[in-house]
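Working notes, structure below.
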Amino acid sequence: MSSPVDPTKTQAWPRLADLFENFDPDLRAWFADDPERAATFTLTAGDLHVDLSKNLVTAEVRDALLELAEQTGVLARRDAMLAGEHINVTEDRAVLHTALRRPVSDQLVVDGQDVVADVHAELTKVYAFADRVRSGDWVGVTGKAITTVVNIGIGGSDLGPVMAYEALRPYGDAGPECRFISNIDPTDAATTLTGLDPETTLFIVASKTFTTLETLTNARLCRSWLLDGLRQVDALAPDDTADRAAVAKHFVAVSTALDKVADFGIDPANAFGFWDWVGGRYSVDSAIGTSLVLAIGPENFADFLAGFHAVDEHFAKAAPAENVPLLMGLLNVWYVNFFGAETHAVLPYAQYLHRFPAYLQQLTMESNGKSVRWDGSEVTSDTGEVFWGEPGTNGQHAFYQLIHQGTRLIPADFIAVANPAHPLQDGDADVHELFLANFFAQTRALAFGKTEAEVRAEGTDESVVTAREFSGNRPSTSIMAPELTPSVLGQLIALYEHITFVQGAVWGIDSFDQWGVELGKQLAKELTPAVAGDEVALAAQDSSTVSLISYYRSRRDGSGRSPA
Ligand code: F6P
């Protein structure tokens, strides 16, 4: 892999710096002077209608950003990614989540292997399994059909499946209910299992590495819960063979490490694989999405994949000036590196997308929260911003105050669909229209604000005029789609995957490793004996850690219960 280009040493960078220096954004004037502004800056990617016009961008800035992309080799790196080059250099891996959604008619040979054929062979297995569970052909050890699926995983093995399951609930009528256990906080397993019937519950242990402490601990807790529960109803003989038979019917696994799955006691025949070229946070469209396939069915999952692919094609082929992920990624660079933006809000006006911001936090922040470049040298500019958000309109009544009138610039993405999953009337009012009026109003208020003169003209007391003024010129992007279908959800996810890629490529970082999560894991392992009472291990710690662990030990009552 070639050395990263230092973005600050390109010709485009000082040009952008100059533009910023003399920048006097005035969205009111820009819209007044150019009736075509909305049309010029509105683009389409698949079914996504993306209005960039309320960003702090002019044609000149856009062109300079596109030059930056060209000069930092973003598109060449995109092509290298799509072709399966090992662009994840710190792990020496290809980055091929886009292969997960290529149609079966495609072929892509990477490291001597047709990865598209592999993907479809695995999908066929997952789909066949889903059909058996959904039809009642796959039964638990006592012969009862499966009604609940519990996905045990964390990070990318949880956030994608739970977000997509929530987003596509209207498509889940014919499938089992899904629940998700991720946290090693025992409360998570205890509360998630409450009320479930072991005879009708299926567990999916989802872990790329099959070494993750949280997931393996929770999987063991769930196995005990299953076997204890079956014994309580006299459904299981008291021997290992019976245990194995029960686990075989109630546990399946998804992993790249199928040998470790077998060590855990899950029959490899009941395991679905994927590959090291799929990053955890890019894996919801691999077998990691098995819980989603069970919930919405193979046909809807195929539509979900087709949605990803439509945006992949757009990213691969659309001209730079019309390429939505490219432009959105570059705008983020503009805000982070020139305006000093530290955060970026994602505000879905679609209740079913309520876990989308949390999902994006891993995607964006685990990918671009880096201080060194892919050749190990220090980055030359700020990198990944903090992503956060909540669904509208709830956020309006909580934190929008700061976005509208605070001292920080917070670029915000607003996401909405034209057709609601639940069209409801309140008297004469279509409630979805009340909802969308808020979506349109918020982006307008952020862009155009309210001047002191306008506040005064409303007869406002002079003492509160400035408190009621809105500066405007607060950037937002509006993303709309006809409906939140499986395909549209796939398109949205792919859009943000590629935005993340573009930012990382400009900054010269490896957006596909995550070494920053390792130290904490290592220390947790080292500290476990001290927490459990090993005085020598405790004494080796710093005084703050000693004091905290001592507090814990002196207050803990010592009872350890299994989940009821
Ligand atoms: O600790 C971070 C991480 O490695 C994520 O990147 C990953 O999604 C998560 O842990 C879970 O990993 P696994 O799927 O291997 O259990």
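First listed ligand is number 1; within each ligand, the first listed atom is number 1. Only heavy atoms go into these numbers, but all of them, side chains included; no hydrogens, no water, no symmetry mates. Remember, predicted model here, so these are calculated numbers, not experimental data.
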Does Phe264 have Arg223 sitting over its ring (NZ/CZ under 6.0 Å from centre, angle to axis within 45°)? yes
Matching residue for Trp507 among Asn337, Asp382, Asn368 - test: side-chain hydrogen bond (donor to acceptor under 3.5 Å, both in side chains): Asn337
His314 to Pro325 - nearest heavy-atom pair and separation: CD2-CD, 3.5 Å
Report every pair formed by an N or O atom of ligand 1 and a protein N or O atom separated by less than 3.5 Å, giving atom names and the distance to 0.1 Å.
residue	atom	partner	partner atom	Å
ligand 1	1 (O)	Lys521	NZ	3.0
ligand 1	6 (O)	Glu366	OE1	2.8
ligand 1	8 (O)	Gly156	N	2.7
ligand 1	8 (O)	Gln362	NE2	3.1
ligand 1	14 (O)	Ser157	OG	2.6
ligand 1	14 (O)	Lys208	N	2.7
ligand 1	15 (O)	Ser207	OG	3.4
ligand 1	15 (O)	Lys208	N	3.3
ligand 1	15 (O)	Thr209	N	2.8
ligand 1	15 (O)	Thr209	OG1	2.6
ligand 1	15 (O)	Thr212	OG1	3.4
ligand 1	16 (O)	Ser207	OG	2.6
ligand 1	16 (O)	Thr212	OG1	2.5

Shortest non-hydrogen contact between Pro198 and Gly229, atoms and distance: CG-CA, 3.8 Å
Is the ring centre of Phe387 less than 6.0 Å from the ring centre of Tyr496? no
For Thr380 and Asp6, test the side chains for any donor-to-acceptor distance below 3.5 angstrom and give the result as yes or no. yes
